[in-house]
Amino acid sequence: MQRLLLFLLRLLGPRWQITPLVADYFAHAARLGQSDHTPTQLIPIAARLWARGWLNKKFFDSPRDWILPYWAVHQLDPNDRAFLPRGFSPVVLNQTHRDWTTIGNLDSAREAIVDPRGLVTPRPNDDEWSLDTWVRVDEKLYVPSQMNDQEIEQKLYENLPMVTTRYDAAGLRVLQEAFAVADEAGDEWVIAAVTVENPRGAARAATVYLSPRPFNPEGVAPIEKIEFREENAYSFWVNGALGGIIPKPDAVACSNEYAGDVAAQIPNLDGTNRAQSPGGVATALAAYEITLPAHSSRTITVALPLNARQVLTDESVVWTSPDQLTDLRRATIARWREVMAQGMKIRVPDDKVQDAFEANKAYLLLRHDGDSITPGPFTYHDFWFRDAAYMLNALDQLGYHDQVNRVLKIYPRRLQKNGYFLAQDGEWDANGQALWTLVQHARLSGDLETLADQYWQMLNAAHWIDAARQKTKSAEPRAAHHGLLPAGMSAEHFGPNDYFFWDDFWGLAGLRAAEFAAHIFANAPDEEKLRAAFEAFRADVAAALARAAEKNRAAWMPASPYRTADSALVANLVALYPLQLFAPDDPRILATLEEIKRVAWSEDAFFHHVGHGGFGTYLSLEIAGCYLMQRRADAWQIIRWVLDHASPTMTWAEAIHPRTAHGAHGDGHHGWAAAEWISVVRNALLYEEGAHLVLTPALPEDWTYETLAIQVEDAATYFGKVDYTIAFGNRTATLVLKTEWREPPE
């Protein structure tokens with residue numbers, strides 16, 4: 001792709017007076033790495049992101065009188081710590097407040113998001129519009145996106161994917177709630193309800209406004225046409241599709257870029273029930289005048305379709321009635337409670353850890369899309385073997401083996417004829433991750449059926465790993481990358497394409513996983529061949545690491561044989577956690593952890609200079625995971641830093657901004673981060689180490705005070721299910737252990 005771009009620039013550039021230097025800049029950028037390959041599957045994601053950034057740049061430069069989404073309010077304000085100058089930037093993107101919360105239905109690929117101020121985006125996968133809610137009391141308009149953190153509260157109901165946003169409006173209490181439901185016909189909806197309560201002794205009046213907005217947490221989400229209709233029920237339609245079913249309003253208005261934001265008409269809406277916008281920034285308002293006697297409340301409910309093709313039916317008309325809302329809410333809570341009662345459960349003497357564990361257990365189930373699993377509801381709503389390895393492993397650790405099995409059953413469809421597992425072309429860690437995940441599932445569930453069904457595919461994938469290694473000529477001196485997997489983009493946050501040791505460690509884990517399968521199925525010839533391939537690969541990796549150590553005069557492991565010390569060396573910790581290829585006290589692991597502290601550490605967390613440009617969320621937790629395996633109590637300094645930087649709904653972006661403490665990179669609700677949280681907390685309570693089961697490798701001291709207790713139920717391990725309780729006394733502790741061993745640990 002880059003070669004084609006260079007060719008076109010040099011061929012056609014002179015027609016538009018584009019200097020040859022432009023092509024040179026692109027060429028030099030490509031040469032900074034060891035290859036110029038870019039996975040073609042990433043091009044649509046990048047193109048969409050940058051095109052939206054260009055649209056944002058055009059729009060956000062001028063409309064100071066519009067009601068903007070939460071992130072833009074802060075990032076565009078020169079008096080805010082989130083402000084980013086944009087004069088020379090060709091695009092404007094959300095880089096300071098990438099925080100949102102996923103809501104959706106179990107086993108469904110359709111997910112909606114809610115931003116930190118209650119803005120609901122029902123179809124983020126389609127980059128679509130959002131619904132905002134405002135309240136006017138005593139001639140003052142209360143807009144959540146313009147409120148500060150002290151004026152508004154957002155949280156989950158019972159740690160389930162039901163987001164509530166609360167604030168005060170001149171003494172009236174406002175509660176916005178959003179959650180997803182599915183009807184008997186299979187249609188899926190987001191129920192967005194706003195309740196205004198009068199807790200005082202005198203009657204009060206207020207106006208509730210529902211406004212479809214041409215924005216979402218990434219920026220402008222074009223609305224070219226919007227209209228209100230009254231056919232069977234009152235509804236609004238966006239770009240020709242059903243946008244939402246609403247109660248009949250007292251007044252409506254629509255506007256476009258020429259007339260300005262429709263919010264400017266408040267309180268006297270002009271009654272216009274449709275608008276068209278060539279620039280894609282049409283806005284609309286539906287107003288509800290309410291009178292609240294003392295100690296009363298009124299709820300306005302909207303049903304937003306999760307599928308743009310959904311139509312208005314007689315069955316869906318009743319969804320905005322108060323009685324229906326109560327029934328839907330009750331049924332949604334009951335279903336989630338039933339699912340959450342399954343699998344691993346914990347009780348620890350730290351409410352915040354407890355809440356985050358339960359919330360992210362629910363989020364991982366939400367990430368499960370039936371026969372796929374994706375690391376984000378918005379920016380990253382695609383499948384990668386890399387993210388899937390962590391998320392599926394966490395679900396297996398929780399005991400949700402059926403959900404994992406449904407995803408693994410389609411892995412053979414992703415296997416190319418040459419044995420390469422394809423999600424994103426050119427990511428050479430994929431084969432190892434797929435093989436490791438298959439074996440982890442078998443070991444944690446005890447079910448060997450999927451492993452048996454895919455045994456021949458596993459052998460094919462293992463052969464690809466061995467055949468792909470770059471075996472340079474034997475004449476000395478050998479190339480620094482001799483025997484390693486090819487140069488590539490790999491995990492995308494390691495910098496220019498290179499021969500990343502990360503890929504090799506996953507490749508080794510894949511060969512070891514295939515060898516495990518051969519051993520389980522008593523295929524001695526395959527086992528012997530796979531062991532020989534593993535040992536040869538391991539020897540080449542060890543030699544490459546030794547050459548790098550000699551060059552750098554240090555034992556720490558660089559990201560590749562051609563790199564020095566930068567934050568990307570964090571990738572090599574995978575050799576200990578979670579893969580356990582190296583021992584916890586391996587000098588290379590110890591030296592790498594120390595070097596990370598020197599080059600990429602701030603506060604109590606890992607700061608990733610390469611790619612992310614922020615505090616790494618799951619990357620910090622991976623370091624904590626290494627510390628736990630080393631029995632280091634300072635793992636909890638990292639764990640608590642990450643927990644303190646969770647959103648109020650217990651979500652994390654891929655990276656955290658150092659000034660705003662909000663999301664700075666990636667999907668604002670990252671599935672890999674959720675998986676790491678589950679795995680780290682689980683491993684702090686129990687984990688497997690060879691033939692041993694380790695309980696509480698490093699507990700926080702404040703969990704061990706007299707009268708406190710720790711409880712674990714239905715924990716899936718390699719050895720079978722484990723329940724235990726530890727009750728702490730005065731300088732004593734009592735362990736009660738209950739097990740269902742398949743094969744007891746040594």
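In this structure, the separation between CG on L459 and CD on E515 is 12.0 Å, given to the nearest 0.5 Å. How far CG of N431 is from CD of Q433: 9.0 Å, rounded to the nearest 0.5 Å.
A donor-acceptor pair is defined here as one N or O able to donate and one able to accept, closer than 3.5 Å; no such pair exists between the side chain of T696 and the backbone of A698. Of the possible polar contacts, none joining the H493 side chain to the H612 backbone as a donor-acceptor pair under 3.5 Å is found. For the pair N552 (side chain) and A548 (backbone), a donor-acceptor distance under 3.5 Å is present. At least one donor-acceptor pair closer than 3.5 Å links the side chain of K551 to the backbone N or O of P561. With H669 contributing its side chain and T102 its backbone, the two residues share a donor-acceptor pair below 3.5 Å. K471 contributes no side-chain N or O that, together with a main-chain N or O of H482, makes up a donor-acceptor pair within less than 3.5 Å. A donor-acceptor pair is defined here as one N or O able to donate and one able to accept, closer than 3.5 Å; such a pair exists between the side chain of Q630 and the backbone of P584.
N393 places none of its side-chain heavy atoms less than 4.5 Å from the side chain of T437. Side chains of E595 and W601 form no contact here, defined as non-hydrogen atoms less than 4.5 Å apart. Side-chain contact between F606 and I638 is absent, with no heavy-atom pair separated by less than 4.5 Å. In this structure, W556 and R588 have side chains that are not in contact, with every pair of non-hydrogen atoms separated by 4.5 Å or more. Counting heavy atoms from C-beta on, the side chains of Q470 and L484 never come closer than 4.5 Å. Using a 4.5 Å heavy-atom threshold, the side chains of Q342 and Y400 count as touching.
The number of heavy-atom neighbours closer than 6.0 Å to NZ of K345, taken from other residues, nucleotides and ligands shown, is above 12.
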Would you check, one step at a time, whether the test salt bridge (Lys or Arg N to Asp or Glu O under 4.0 Å) holds for R512 with E527?
-> CA-CA 10 Å; R512 187 177 63 179; E527 184 180 0; over 6 Å; no
Any chance you could lay out the ring pair (Phe, Tyr, Trp, His ring centres under 6.0 Å) test for F521 and Y455, step after step, and finish with the verdict?
-> CA-CA 9 Å; F521 299 126; Y455 179 70; 5.7 Å; yes
Criterion ring pair (Phe, Tyr, Trp, His ring centres under 6.0 Å) on Y618 and H670, from CA distance to verdict = CA-CA 9 Å; Y618 55 81; H670 204 282; 5.3 Å; yes
Show the numbers, then the answer: is there a ring pair (Phe, Tyr, Trp, His ring centres under 6.0 Å) between W641 and F615?
-> CA-CA 10 Å; W641 186 98; F615 288 105; 4.7 Å; yes
Apply salt bridge (Lys or Arg N to Asp or Glu O under 4.0 Å) to the pair R682 and E688, showing each step before the final yes or no.
-> CA-CA 11 Å; R682 181 261 192 187; E688 304 86 349; 2.8 Å; yes
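Side-chain contact of Q637 with Y627: a donor-acceptor pair under 3.5 Å is absent, judged by distance alone. Remark: the H401 side chain and the D396 side chain contain an N/O donor-acceptor pair separated by less than 3.5 Å. Between the side chains of D107 and H368, at least one donor N or O lies within less than 3.5 Å of an accepting N or O. For the residue pair Y420 / E427, no side-chain donor-acceptor distance below 3.5 Å is found, with atom types taken as modelled.
Aromatic pair W428/F500: ring centres not closer than 6.0 Å.
In terms of the side chain to side chain contact (heavy atoms under 4.5 Å, CB included) criterion, residue partners of S108 (sequence neighbours excluded) are, by chain and number, N105, R110, E188. Remark: N572 pairs with no residue by the side-chain hydrogen bond (donor to acceptor under 3.5 Å, both in side chains) rule, at least two apart or across chains. Scanning for salt bridge (Lys or Arg N to Asp or Glu O under 4.0 Å) contacts around R414 gives an empty result, with sequence neighbours left out. Under the rule for a side-chain hydrogen bond (donor to acceptor under 3.5 Å, both in side chains), the partners of N523 that lie at least two apart in sequence or sit in another chain are D526. In this structure T617 satisfies the side chain to side chain contact (heavy atoms under 4.5 Å, CB included) test together with W652, I656, A673, sequence neighbours excluded. In this structure H463 satisfies the side-chain hydrogen bond (donor to acceptor under 3.5 Å, both in side chains) test with no other residue, sequence neighbours excluded.
Using a cut-off of 4.0 Å between Lys/Arg side-chain N and Asp/Glu carboxylate O, R386 and D429 are scored as salt-bridged. Salt bridge status for R538 with E535: present, with a side-chain N to carboxylate O gap under 4.0 Å.
T374 and Y380 get closest at one heavy-atom pair: CB-O, 4.1 Å. Across every non-hydrogen atom of F494 and A571, the tightest pair is CZ-CB, 3.3 Å.
When each of Y577, W384, F385, W672 is tested with Y390 by the rule ring pair (Phe, Tyr, Trp, His ring centres under 6.0 Å), just one qualifies, namely W672.
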